[in-house]
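One structure below.
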4 protein chains.
Amino acid sequence: MTPTPERRRELLATAAEVFAAQGYNATTVRRIADEAGMLAGSLYYHFDSKESMIDEILSTFLDELWQGYDEVLAAGLGPRETIEALVTESFREIDRHRPAVAIYQKESKHLATQPRFAYLADSQTTFEKAWLGTLERGVTEGVFRDDLDIRLTYRFVRDTVWVAASWYRPGGHHGPEEIARQYLSMVLDGIALRT
Amino acid sequence: MTPTPERRRELLATAAEVFAAQGYNATTVRRIADEAGMLAGSLYYHFDSKESMIDEILSTFLDELWQGYDEVLAAGLGPRETIEALVTESFREIDRHRPAVAIYQKESKHLATQPRFAYLADSQTTFEKAWLGTLERGVTEGVFRDDLDIRLTYRFVRDTVWVAASWYRPGGHHGPEEIARQYLSMVLDGIALRT
Amino acid sequence: MTPTPERRRELLATAAEVFAAQGYNATTVRRIADEAGMLAGSLYYHFDSKESMIDEILSTFLDELWQGYDEVLAAGLGPRETIEALVTESFREIDRHRPAVAIYQKESKHLATQPRFAYLADSQTTFEKAWLGTLERGVTEGVFRDDLDIRLTYRFVRDTVWVAASWYRPGGHHGPEEIARQYLSMVLDGIALRT
Amino acid sequence: MTPTPERRRELLATAAEVFAAQGYNATTVRRIADEAGMLAGSLYYHFDSKESMIDEILSTFLDELWQGYDEVLAAGLGPRETIEALVTESFREIDRHRPAVAIYQKESKHLATQPRFAYLADSQTTFEKAWLGTLERGVTEGVFRDDLDIRLTYRFVRDTVWVAASWYRPGGHHGPEEIARQYLSMVLDGIALRT
DNA sequence: TATGAATGAGGATTCATTCAT
DNA sequence: CATGAATGAATCCTCATTCAT
C-alpha cells in the first residue's frame, strides 16, 4: 500500500493527463478511473468531486509557478534579464507541469467565473502586472522598442510562451532551457536577418 | 421572415458565438436555441445535429481561409513578402471569423480524429507545408536567420498569429491590418531596441 | 387535380404500405409524406392525425371483410362448405388488402385497448363466434374430428390463414383461390400421405 | 442481493416481457426500468443500450433453440419423425421462451436488416433448409403428399407452429407436449373426419 | 480502500402536430 | 392544397455522485 499523499499525487497526475488530452468537460470520471485502474466510484474516496481534482491540479501548478516567478522578480534584475528569466522559468514549468499548463490554457477562462476558482483571475492579474510592468520598465529604460503597442507586445510574448504547452513533449529534441533560449532570441531580435 | 439560407447563416453565427465562448462540449443545444429565440428541438429543422453545426462552421471558415491563402501563395512573392501577406490575411480572417477561429483552436485537435473531420487534419498539413516551406525558402535566400530551429520558428510564428483569436475583439482599438503590421514588426525584428 | 376522395384513398394506400413494412410506431409521418411526395405537415390537410390514418385503413378493411363474410354466413351452407368459403374469402381479402391485413395482425392487439379502436375487439369477437361456431357445428354434424381441442383447432385454422399476409405478394405464383385450395386441402386432410 | 449474472437474467426477462407485450419500438426504457423497480438510467449500468437488450434476448433464445434442433437433426430420424420432433421441440421453446419467441416473430424482419442482427437472417436460412429439406425428403420417401406446393406447405407448418407464441400462456390448459401432439395430428392428418 | 449498484439531473435527438402564408 | 418553420413532449442515453458492503 502506497502512502496516501503519494497515491493522491499519482491519481492527480493521471487525471491531469486525461484532462489535458480530452478537455475537462469531455473527460468522464470513469475515464480517469479506468486509467488509474479502479472504478469511477472509488475515486470519491480520494477526492470530493471532479471539480476538486482540477482545482488541486491548477492550484498546485500555480503555487509552483509563483514560487519560481517570485524568486525571479525579487532578484532585482534589469528588464531584459527579468524577461529572460521569466521566459526560462516558464518553459521549465511547462516541462514539469505540461498537462496542468495545457489545462490552464484551455479551461481557466471559463473556470475563473466560478467563485471557487477566483484565484485563477487573481493569478492572471498579478501575472499581467509582473510582465507588463517589466516590459514598460524596459521601454522607459530604453532596452525595448517604444514604437509598439505595449499591451499587444505583452500578449504577444505571453501567448508565444504558453501556447508551447500544446505541442511541447518532455524528453524531446530540445530541453526547456534551449527552447527558452531560441524563443528569447526570436522575441528579442526577430527572425529576419539583419543586414 | 428572412429567406432560408440567410436564416441558416444567422443560426450558425449564433452557434459559433456560443461554441467559442463555452467550448463545444460544454455548449448545450438548448443554449444555442435560447440565444436564437427558439426551442432546442426547432434547431433540428435546420441542422442534422450539433456536430453538423460545428462542421459547417469550421468548413465554411477553412474554405474562406484557403481562398485567401491560395491567392497569396499564387502571387509569386518573395519569402518575406509571403509571410507578411499570410500574416495579414490571417488577421483578416480572425477579424471576419473570430468565433470560428477560436473554435478551431480549441476543438480541432480532438475533432480531427473523427473521419467526418478529416479535412481538419488535411488543412493542417497543407498549412504547415505552406508556412514552413516559405520560412525555409527565406532561410535559403538569406532573408531569415539560419541559426534557429526552423520548426520552432514555424510554431512560433503560427501560434503568435492564431492565438490572437482568443483575445481579439472586432471593432476594437486596432483593425486587423494594424495588428498584423505590429505583429510582423515584432516577429521580424524583435522587441529589443537595436543599438 | 385529382378529386379529394381519390387523393385520400391514394394517401391511405401509401400509408398502409409503410405501416405494414415498418410497423405503425416505427413509421414516421414524415416517411409517409416522403413516399407521397409532400411534406409532413401537408398530410394534416387530409387527415386529423396519424392515428386517424390507421383507423381509416383498418376500418375500411374490416368493413369489406365483413361484407364478404356476412354473405357467406347468410348462404346457409354446411359447416365444411362454410369453412371453405370463409377461407377462400379470407385469401381474397389478403389479396386485395395485404397491407391492411398485415397491419391488423401486428397492431390490433395493442390498439384494441384504446376506446377509439373498440371495433377491433368487437370484430375479433364476432369473428371467433362465426368460425368457432362453424367448427363446432361441423363436429356435431360429424364432418370434423371430435378428438381435438376445438379452441386449439380454431386458432390453428385462423392463424394458418391470416399469417399468410406476412409473406403473400399479390401477383405471385399462385392467385388467392389456388392458395386457398391448397391451404384447405392441408387443413382438412393433412399433409401426410394416406395409406 | 442476487449475484451479477443472475440479475442480468432477471432484467432481461423483465425486458422481454415488456417487449413482447408492447413491441420493441413502443417500449420505453423507462417502462422496463419501472417494471424492474429502478430508474431508467440505472439500466445502463447493466446494458449498453435498449438494442443490446433485445440482442441478448434474441441471441440467447436462438442459441437454445438451435441446441435443441441440432440434436433432433443429428438423430437420423425419418422425415415424419423429424417433423414431429422439431414441432415438439418448438413448442417446448415457446413454453420456455415465450416472450423471446413473440419478439422474434414481430421484430426479426426489420431488425435483420441491421448488421448487428445478421444472425437473425442466418438463422432463418438454416431454419428453412432444415424444415424444407425434411419435407422434401418426406415427399420423396412417400410419407408426405406430393400434390402440394412444397414451399406453401413449409410456410404453413412453420407459421402454424410459431404463431402459437402469440396466444400461448405457460401453465395453461395443455402443456407444450400435448399442444404439439394435437398440432401434429391436425397438420399430418387434417381436421376433417375420414370416411 | 475499493466495488457494485444505483440515483437523478440533464442533454441530444425525434416526431406528431400546428399554423401563418 | 401545400410549404416552411416552429412547438413541446417524450425518448434514449450519459455521467457525476452516493452508499452499503
Side-chain angles (χ1 to χ4, degrees), chain A residues 1-4 7-8 11 24-33 36-53, chain B residues 1-4 7-8 11 24-33 36-53, chain C residues 1-4 7-8 11 24-33 36-53, chain D residues 1-4 7-8 11 24-33 36-53:
Chain A
M1 285 177 230
T2 29
T4 293
R7 189 86 176 99
R8 256 184 108 74
L11 292 173
Y24 174 69
N25 275 299
T27 297
T28 69
V29 167
R30 215 192 126 198
R31 179 66 205 281
I32 298 171
M38 51 171 54
L39 291 179
S42 309
L43 277 176
Y44 286 78
Y45 178 81
H46 300 276
F47 303 98
D48 280 353
S49 64
K50 185 182 164 187
E51 205 181 64
S52 78
M53 289 188 224
Chain B
M1 311 290 137
T2 27
T4 291
R7 189 84 176 101
R8 253 185 111 74
L11 291 172
Y24 174 69
N25 276 299
T27 299
T28 69
V29 165
R30 211 191 130 207
R31 180 67 204 281
I32 298 172
M38 51 169 53
L39 291 176
S42 309
L43 278 175
Y44 288 80
Y45 178 78
H46 301 276
F47 304 99
D48 281 350
S49 64
K50 186 181 162 187
E51 203 180 67
S52 79
M53 288 186 224
Chain C
M1 282 176 237
T2 29
T4 293
R7 190 83 176 100
R8 256 184 107 76
L11 291 173
Y24 174 69
N25 275 298
T27 298
T28 70
V29 167
R30 215 192 127 200
R31 179 66 205 281
I32 299 171
M38 52 171 53
L39 291 180
S42 309
L43 276 176
Y44 286 78
Y45 177 82
H46 301 275
F47 303 98
D48 281 352
S49 65
K50 186 181 164 188
E51 205 180 64
S52 78
M53 289 188 222
Chain D
M1 311 290 139
T2 27
T4 290
R7 189 84 176 100
R8 252 186 112 75
L11 292 172
Y24 174 70
N25 276 298
T27 298
T28 69
V29 166
R30 214 193 126 204
R31 179 67 204 281
I32 299 172
M38 51 170 53
L39 291 176
S42 308
L43 277 176
Y44 288 80
Y45 178 79
H46 301 276
F47 304 98
D48 281 351
S49 64
K50 185 181 162 187
E51 203 180 68
S52 80
M53 289 187 223

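In what follows, every chain begins at residue 1, and chains take the letters A, B, ... in the order their sequences are listed. As the structure is a computational prediction, the values presented were derived from the model and not from experiment.
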Check D:Ala36 against D:Arg7 and note the closest heavy-atom contact, atom names and distance. O-NH2, 4.2 Å
Note: A:Ala40 and A:Val29 closest approach over all heavy atoms is O-CG1, 4.0 Å
May I ask you to verify if any side-chain N or O of [X] is less than 4.0 angstrom from the OP1 or OP2 atom of [N]?
{"X": "D:Tyr45", "N": "E:dA5", "result": "yes"}
{"X": "A:Ser42", "N": "E:dT3", "result": "yes"}
{"X": "A:Tyr44", "N": "F:dT17", "result": "yes"}
{"X": "C:Arg7", "N": "F:dA2", "result": "yes"}
{"X": "D:His46", "N": "E:dG4", "result": "no"}

Taking the C1' atom of each, how far is F:dT21 from E:dT1, in whole Å? 12 Å
Hey, which sits more toward the 5' end of DNA chain E by its nearest nucleotide, C:Tyr24 or D:Gly37? D:Gly37
More 5' along DNA chain E: C:Glu51 or D:Leu43, using each one's nearest nucleotide? D:Leu43
d([atom1], [X]; [atom2], [N]) in whole Å:
{"X": "D:Arg30", "N": "E:dG8", "atom1": "CZ", "atom2": "C1'", "answer": "12 Å"}
{"X": "C:Asn25", "N": "F:dT11", "atom1": "CG", "atom2": "P", "answer": "10 Å"}
{"X": "C:Met53", "N": "E:dT17", "atom1": "CE", "atom2": "C1'", "answer": "11 Å"}
{"X": "D:Ile32", "N": "F:dC13", "atom1": "CD1", "atom2": "P", "answer": "10 Å"}
{"X": "D:Arg31", "N": "F:dA10", "atom1": "CZ", "atom2": "C1'", "answer": "16 Å"}

Tell me what B:Thr27 touches on the nucleic acid: a base, only sugar-phosphate, or nothing, going by heavy atoms under 4.0 Å. sugar-phosphate
Rounded to the nearest 0.5 Å, how far apart are [atom1] of [X] and [atom2] of [Y]?
{"X": "B:Leu43", "Y": "B:Asp48", "atom1": "CG", "atom2": "CG", "answer": "12.0 Å"}
{"X": "C:Tyr44", "Y": "C:Leu39", "atom1": "OH", "atom2": "CG", "answer": "13.0 Å"}
{"X": "D:Met38", "Y": "D:Arg30", "atom1": "CE", "atom2": "CZ", "answer": "14.5 Å"}
{"X": "C:Tyr45", "Y": "C:Leu11", "atom1": "OH", "atom2": "CG", "answer": "12.0 Å"}

So if I take every side-chain heavy atom of A:Thr28 and compare against E:dA12, F:dA16, E:dA16, which nucleotide ends up nearest? F:dA16
Quick check for you: among E:dT13, E:dA6, E:dT17, whose closest atom lies nearest to any side-chain atom of D:Met38? E:dA6
Whichever of D:Ala26 and A:Lys50 has its nearest DNA chain F nucleotide further upstream toward 5': D:Ala26
Validate the cation-pi geometry between B:Lys50 and B:Tyr24: distance from NZ or CZ to the six-membered ring centre under 6.0 Å, angle to the ring axis within 45°. yes
Intra- and inter-strand pairing of DNA chain E, written as dot-bracket with Watson-Crick and G-U pairs under 3.5 Å and | for the latter, reads .||||||||||||||||||||
